[in-house]
A.B. asks: 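Okay, here's the structure, questions in a sec.
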Amino acid sequence: MQYWLFKSEPDVFGIEDLATRPQQTEPWDGVRNYQARNYLRDDVGLGDQVFFYHSSCKTVGIAGVAEIVRASYPDPSQFDSASDYYDPKASEEKPRWYSVDVKLVERFNKVLTLKEIKANPHITELGLVKKGHRLSVMPVSQTEWQLLYDLAKA
DNA sequence: GCCAACGTTGGC
DNA sequence: GCCAACGTTGGC
């Protein structure tokens, strides 16, 4: 089992939206960065735990936890010419982008803010705290997962 | 295959 | 809305 952090803009899709979905489950689509794609396609597995991170909003930080309930499959939005995520270079035979499905596990009472995360001296490997890191899907070590989880619940 | 121009991300 | 830091594109 592995741990991840997924970023989303709550104005587009936030943890509140996940909470109101049927089965509290939603496809994680629209990832259009190759490194993030590789994680989704190759490494994100069924049952993996995910920090749901809110970016580009008033309270930036980790809003809760989700779980992978369906592993890697071709992101349907790449084939949909009406979608913002349409990719004319992708084909059914040769998909370029991948999705997974996530299910809500818990919403934190309070968002663990980026500021708090950065202020913690033990959080050093996480991509978030490294300068210029913009990946929307990133791995989290078990150690840092536990630390962040405890911080969020404190 | 280099690299300048351009586009995007995301915190502030 | 600004802008730094990246990623991608495309001409050569």
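Letters A, B, ... are given to chains in the order of the sequence lines, protein chains preceding strands, and every chain is numbered from 1. Values below: every heavy atom of this structure, side chains too, minus hydrogens, waters and symmetry copies. Owing to the predicted nature of the structure, the values given are computational and were not obtained by experimental measurement.
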A.B. asks: Whole-Å distance between B:dG7 C1' and A:Asn33 CG?
C.D. replies: 13 Å
A.B. asks: For A:Ser56, answer base if it contacts any base atom (sugar-phosphate contacts may also be present), sugar-phosphate if it contacts only those atoms, and nothing otherwise; contact means non-hydrogen atoms under 4.0 Å.
C.D. replies: base
A.B. asks: Should the ring pair A:Trp28 and A:Phe6 be called parallel, tilted or perpendicular, given that the plane angle runs from 0 to 90° and is split at 30 and 60?
C.D. replies: tilted
A.B. asks: Please determine, for the side chain of A:Tyr34, which listed nucleotide (C:dC6, B:dG11, C:dT8) has the closest atom?
C.D. replies: C:dT8
A.B. asks: Classify the angle between the aromatic ring planes of A:Phe52 and A:His54 as parallel (below 30°), tilted (30 to 60°) or perpendicular (above 60°).
C.D. replies: perpendicular
A.B. asks: Between A:Tyr53 and B:dG11, does any side-chain N or O lie under 4.0 Å from OP1 or OP2?
C.D. replies: yes
A.B. asks: Quick one: is A:Lys7 getting a side-chain N or O under 4.0 Å of the B:dG10 phosphate, OP1 or OP2?
C.D. replies: yes
A.B. asks: Between P on C:dT8 and CG on A:Asp87, what's the gap in Å once rounded to a whole number?
C.D. replies: 12 Å
A.B. asks: Roughly how far, to the nearest 0.5 Å, is CG of A:Asn33 from CH2 of A:Trp97?
C.D. replies: 7.0 Å
A.B. asks: So what does A:Lys115 hit on the nucleic acid, given a heavy-atom distance under 4.0 Å: a base, only sugar-phosphate, or nothing?
C.D. replies: nothing
A.B. asks: Round to the nearest Å and state the distance from A:Arg37 atom CZ to C:dT8 atom P.
C.D. replies: 10 Å
A.B. asks: Rounded to the nearest angstrom, tell me the gap between atom CZ in A:Arg96 and atom P in C:dT8.
C.D. replies: 10 Å
A.B. asks: Taking OP1 and OP2 of B:dG10, is either one under 4.0 Å from a side-chain nitrogen or oxygen of A:Lys130?
C.D. replies: no
A.B. asks: Measure from CH2 on A:Trp97 to C1' on C:dG7 and round the result to the nearest Å.
C.D. replies: 11 Å
A.B. asks: For the pair A:Gln35 (side chain) and A:Leu135 (backbone), establish whether a donor and an acceptor sit closer than 3.5 Å, ignoring hydrogens and angles.
C.D. replies: no
A.B. asks: Could you state the atom-to-atom distance from CG of A:Asn38 to C1' of C:dG7 in whole Å?
C.D. replies: 14 Å
A.B. asks: Rounded to the Å, how far apart are A:Arg32 CZ and B:dG7 C1'?
C.D. replies: 16 Å
A.B. asks: Starting at atom CZ of A:Arg134, determine the distance to atom C1' of B:dG11, rounded to an integer number of angstrom.
C.D. replies: 12 Å
